[in-house]
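Input: a single structure, listed below in structure tokens.
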Amino acid sequence: MKSLEQYKALSGTLEPVFSLEVQTVPEDTDRILDAVMEVHPLSFGRYQRNASISAVGRGTAQPEQGSTTTTHVEGFTAGSTETYPMVELKISIERDLTKLAAVMDAIIAVHHYEEPVIFVREDWASRAAYDPNSNNPHRWWNNGKGLPDRLD
């Protein structure tokens, strides 16, 4: 059986990456991305600062005695449930432990939690057989619709 390292198709190849999923409050995503950009370009093909941010959901926890919440929130009872708005910020970097350490340090330095929820996975990411002049009718520059409206 061949490994994904040998994968090659007309559409492109696959590259080994670390995928990071960071749970955070919606207003902190740019601060986290800016901090990561100081140590890594977050490249995907010919684009930098690539990230995915989920729709706003909810994060919930029950802080134990001695946690930051019980230390800094007057009257909070240890073991009580707290629920806040939360998004998942997803990025990927090449599978290099030194670069992963730098990215993790950058995230943790600016994250609002003392114990950020960060998942790291070994994944494979697609790399397209890039052609900026492709006449594929589904590409945004050929489909008559263009790019979607920018959010900001």
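- Val73 is not connected to Val25 by any chain of hydrophobic side-chain contacts under 4.5 Å among Ile, Leu, Val, Met, Phe, Trp and Tyr, and they are in different clusters.
- No donor-acceptor pair closer than 3.5 Å links the side chain of Ser19 to the backbone N or O of Ser92.
- Placement of Ile118 and Ile32 within a single hydrophobic cluster is found when ILVMFWY residues are connected by side-chain heavy-atom separations under 4.5 Å, directly or transitively.
- Put simply, the side chain of Thr71 gets close to the backbone of Ser67: a donor and an acceptor are under 3.5 Å apart.
- Residues Lys90 and Glu21 meet the side-chain proximity criterion, which asks for heavy atoms closer than 4.5 Å.
- A pairwise comparison of heavy atoms in Val39 and Ala102 identifies CG2-O, 3.7 Å as the closest pair.
- A pairwise comparison of heavy atoms in Ser43 and Asn50 identifies C-ND2, 4.0 Å as the closest pair.
- The shortest heavy-atom contact between Thr81 and Thr83 is CG2-OG1, 4.0 Å.
- With values rounded to the nearest 0.5 angstrom, Ile108 atom CD1 is found 14.5 Å from Tyr113 atom OH.
- The two atoms that bring Gly12 and Tyr7 nearest to each other are O-CE2, 3.7 Å, heavy atoms only.
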> Ser3 and Gln6: side chain to side chain donor-acceptor pair (under 3.5 Å), yes or no, with the steps?
Replying inline: CA-CA 6 Å; Ser3 78; Gln6 282 95 31; 3.2 Å; yes

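- For the pair Thr98 and Asp96, the tightest heavy-atom approach, listed with the atom from each and the gap, is N-OD1, 2.9 Å.
- Rounded to the nearest 0.5 angstrom, His112 NE2 and Glu27 CD are separated by 7.5 Å.
- No continuous path of hydrophobic side-chain contacts links Phe44 to Leu89 [ILVMFWY only; heavy atoms under 4.5 Å].
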>> Please evaluate residues Glu94 and His40 with respect to the criterion side chain to side chain donor-acceptor pair (under 3.5 Å), reporting the C-alpha separation (whole Å), side-chain torsions for both, the decisive distance (0.1 Å), and the verdict.
In response: CA-CA 10 Å; Glu94 62 274 24; His40 194 282; 2.8 Å; yes

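- Under a 4.0 Å N-O distance rule, the pair Asp30/Arg49 qualifies as a salt bridge.
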> Run the side chain to side chain contact (heavy atoms under 4.5 Å, CB included) check on Val103 and Leu42 step by step: do they pass?
Replying inline: CA-CA 10 Å; Val103 168; Leu42 295 177; 5.6 Å; no

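- Panel note: side chain His111, backbone Gln23; a donor-acceptor pair is recorded below 3.5 Å.
- Taking a cutoff of 4.0 Å between a charged side-chain nitrogen and a carboxylate oxygen, Arg31 and Asp34 do not qualify as a salt bridge.
- One hydrophobic cluster holds both Leu33 and Phe18 under the rule that ILVMFWY side chains link at heavy-atom gaps under 4.5 Å.
- Atom CD1 of Ile93 is separated from atom CE of Met104 by 9.5 Å, given to the nearest 0.5 angstrom.
- In this structure, Ile107 is a member of the same hydrophobic cluster as Ile53, with clusters built from ILVMFWY side-chain heavy atoms closer than 4.5 Å.
- Within 6.0 Å of CD on Glu114 lie more than 12 heavy atoms contributed by other residues, nucleotides or ligands.
- Side-chain atoms of Thr77 do not come within 3.5 Å of backbone N or O of Ser80 as any donor-acceptor pair.
- Distance alone, capped at 3.5 Å, is enough to place a donor-acceptor pair between the Asn142 side chain and the Ser134 backbone.
- Nearest heavy atoms, Gly45 versus Arg127: N-NE, 4.0 Å.
- The closest donor-acceptor contact from the side chain of Ser54 to the backbone of Glu88 lies under 3.5 Å.
- For the pair Arg95 and Glu15, the salt-bridge criterion is not met [side-chain N within less than 4.0 Å of a carboxylate O].
- In this structure, OG1 in Thr24 is found 13.5 Å from OH in Tyr84, a value given to the nearest 0.5 Å.
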